[in-house]
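Note that this is a predicted model, so its numbers are computed, not measured. A, B, ... follow the sequence lines: proteins, then strands. Residue 1 opens every chain. Side chains included, hydrogens not; waters and symmetry mates left out as well; all remaining heavy atoms used.
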There are 2 protein chains.
Amino acid sequence: MDKFDAMRIFVEVAEANSFVAASRKLDLSAPAVTRAIARLEKVLGVQLFNRTTRHIRLTDTGARFFDDAKRILEDLEQAEAMANGSYIQPKGELTITAPVLFGQMHITPILTEYLQANPAVTANALFFDRISNLIDEGMDIAIRIGPLKDSSLYATRVGHVQRIVCASPEYLKEYGTPEHPSELTDHRIIQATTVEPSTSWRFSSPKGKVSVKVTPRMNCCQNGAAICAASHGFGITRLMSYQVGEELKAGVLQRILKDFEMDPLPVNIVYLGGQKANAKIRSFIDLAVERLRANPFIDH
Amino acid sequence: MDKFDAMRIFVEVAEANSFVAASRKLDLSAPAVTRAIARLEKVLGVQLFNRTTRHIRLTDTGARFFDDAKRILEDLEQAEAMANGSYIQPKGELTITAPVLFGQMHITPILTEYLQANPAVTANALFFDRISNLIDEGMDIAIRIGPLKDSSLYATRVGHVQRIVCASPEYLKEYGTPEHPSELTDHRIIQATTVEPSTSWRFSSPKGKVSVKVTPRMNCCQNGAAICAASHGFGITRLMSYQVGEELKAGVLQRILKDFEMDPLPVNIVYLGGQKANAKIRSFIDLAVERLRANPFIDH
DNA sequence: ACTATCTATTACATATTTTGAAATTATCTA
DNA sequence: TAGATAATTTCAAAATATGTAATAGATAGT
């Protein structure tokens, strides 16, 4: 028996929710379908369908295997097409995660471009500021900012960003521009909790590390709110450089204490299994690397 | 031909760089190997190996297909292992949220049982009475009481509970047992704010909905305090049926106005991404569903 | 309650494919 | 040039797959 054929039959049956319907669609006899499924179940040692003589229904494991089978068949189809040189469009579901603002600002445009070019792919963009487990949560690709820990993953570095301190020119004009981190204690501070959860802001200088305890007048659990408040001249905040690229360029915000910034944080595209990633994932990564490397708000 | 077998043979041949060596390793005859590869090449319409009668060497497309084939076979192996359940040993961190009292009374015992059975899992139980976003807060599983809104989540219904009105027999003896919601205005009311945040208590009767404005003598933001106060005969309170199962059974509290109770509220176990739910999550859900369905304080 | 109908499954004879031993061909090494 | 060995082909036996027809079970409509 060809296992892949059996899987194709299985997928068809599961979608049609009927053996006969699937047999008609696949141009097979009904017994052929029954037998294919029966064998698959025997090989797996698991019931895939609950059946009566008139109805069938996927079991829980069946439903899980259905997803797997579908993905694997798609993957196989791609691989075969690749081998014989006939290009076929990637299809299926692509799940990607990134920090909230990074995702919104820098990944979304890439993703829409990718989706436009690959109409058969549906995307799942999960932007949040906590680190998730790629495998557990079924992610295909993650954007990570900062040093990497999990070494079982493959990563491509696309540049680096920095924690920067900034305020609006109006604010600085009125209250003065700090020349040393220690002066921050006298200023109105806007705290973006996702960037810098602690109220000790750490800096580095030629003379070594400096830690300054700030007392925020405003706490934002949303970075966007901190940007907004700082732009309106309320005070000084600390953010990621990629979050305020536009504002810095437009002069709405001004970068200060540049000489005391900590080491830059790498930006990585992280994914499972190196060259083993399939066409869908590889093609997205290729595009993303290219676009992110060309992104003026990410340093290289 | 079984394409799956053919691919396995192909991978083996490519790794051994020899047909005979692969045949020995796979316990097959040499012709079987030759034929399998020949067929695979025919199906793909592509040369996979350059061969002389004495040597073989992967072609470029062969090398690429080798990577793909290996990945697909691994993926399939995983999927099969997943299906027949042989691989799963849950491990990692499991984060679960539930309403405070529901968690304390009904989830904690299940969780401890689960942790005992799965020593490699650590749990994070977050019990609070506000609804949190599963994704944002990194929850794996949530227990939700009431109708579900977020349809992007998967849910398994385990039963239903009700808002019930109750008081101690002593109190009822002294002050009388209300026969209609409207009589509540004359009674001492203990308000459990998390169950019924408004002071309008809504009921349903054969004649339609009834809303009664109560004036609580005591406001509890902790359900446990309301239970305690009612048990001591202070007054009438309104709680969830699962919160006072023991008290009702022991006769410490007595359920009143039963004919005017609103429709029952479903109890659901909610989790992300069905097929992607991993062993850790699935196994907990399996256990929790079983235990909760057997729970006498939850109706079915 | 009964029957017609449709679905899944089994039985069985037939057709197809797969198999390995042996023979063949080609290349490398000594 | 001969000997050795790898890949391939040949061929008959064995294994497998297939479709038709028959069976069994469930449902819907009368």
Side-chain angles (χ1 to χ4, degrees), chain A residues 1-63 65-66 69 73 76 80 83, chain B residues 1-63 65-66 69 73 76 80 83:
Chain A
M1 171 202 50
D2 188 322
K3 195 181 284 176
F4 289 122
D5 281 341
M7 283 166 67
R8 262 187 283 273
I9 294 172
F10 166 69
V11 167
E12 198 59 56
V13 171
E15 279 175 347
N17 230 295
S18 154
F19 281 43
V20 220
S23 78
R24 273 196 291 269
K25 196 155 177 201
L26 293 167
D27 209 19
L28 287 170
S29 67
V33 173
T34 297
R35 278 192 292 251
I37 302 300
R39 285 177 110 144
L40 201 53
E41 288 181 323
K42 199 172 159 200
V43 170
L44 294 175
V46 157
Q47 192 96 343
L48 257 19
F49 291 102
N50 287 318
R51 353 90 132 111
T52 68
T53 49
R54 266 187 87 78
H55 275 291
I56 57 165
R57 192 147 108 248
L58 273 176
T59 60
D60 277 6
T61 40
F65 189 68
F66 171 74
L73 290 175
L76 177 64
E80 293 190 330
Chain B
M1 173 205 47
D2 189 338
K3 194 183 284 173
F4 171 74
D5 282 339
M7 282 168 69
R8 266 207 340 237
I9 294 172
F10 167 68
V11 167
E12 197 58 57
V13 171
E15 277 174 347
N17 229 292
S18 153
F19 281 40
V20 205
S23 79
R24 272 197 290 270
K25 196 154 176 202
L26 293 167
D27 209 19
L28 287 170
S29 67
V33 173
T34 297
R35 279 192 292 251
I37 302 300
R39 277 181 151 142
L40 200 53
E41 290 181 322
K42 198 171 159 200
V43 169
L44 295 176
V46 156
Q47 192 94 345
L48 257 17
F49 292 103
N50 287 319
R51 26 303 246 146
T52 67
T53 48
R54 276 188 78 77
H55 277 291
I56 57 164
R57 168 92 145 283
L58 271 176
T59 60
D60 280 2
T61 42
F65 188 68
F66 172 72
L73 292 177
L76 180 58
E80 293 190 336

Round to the nearest Å and state the distance from A:Gln47 atom CD to C:dT9 atom C1'. 14 Å

Measure CD1/A:Ile37 against P/C:dT7 and give the value in whole Å, please. 16 Å

Round to a whole Å and report the spacing from CZ of B:Phe19 to P of C:dA26. 17 Å

Where the side chain of B:His55 is concerned, which of C:dC12, C:dC28, C:dA22 is the nearest nucleotide? C:dC28

Does OP1 or OP2 of C:dT7 have a side-chain N or O of A:Arg51 closer than 4.0 Å? no

What is the 5' to 3' range of DNA chain D, first to last nucleotide, that sits under 4.0 Å from any heavy atom of chain B? D:dA4 to D:dT10

Less than 4.5 Å apart, any side-chain heavy atom of A:Ile37 and any of A:Arg51? yes

Let me know the distance between CZ of A:Arg35 and C1' of C:dA11, rounded to the nearest Å. 10 Å

Counting the atoms with a prime plus P, OP1 and OP2 as sugar-phosphate, which does B:Ile56 contact under 4.0 Å by heavy atoms, base, sugar-phosphate, or nothing? sugar-phosphate

Are any non-hydrogen side-chain atoms of A:Phe65 and A:Val46 less than 4.5 angstrom apart? no

Rounded to the nearest 0.5 angstrom, the NZ-OG distance for B:Lys25 and B:Ser18 is 11.5 Å

Step by step, would you call B:Phe49 with B:Phe10 a ring pair (Phe, Tyr, Trp, His ring centres under 6.0 Å)? CA-CA 10 Å; B:Phe49 292 103; B:Phe10 167 68; 5.6 Å; yes

Does the side chain of A:Leu76 come within less than 4.5 Å of B:Met7's, by heavy atoms? yes

Nearest whole Å is fine: how far is C:dT16 P from A:Asp5 CG? 18 Å

Pair A:Lys3 + B:Glu80, salt bridge at N-O below 4.0 Å: yes

Of C:dT27, C:dA8, C:dA21, the nucleotide closest to the side chain of B:Thr52 is C:dT27

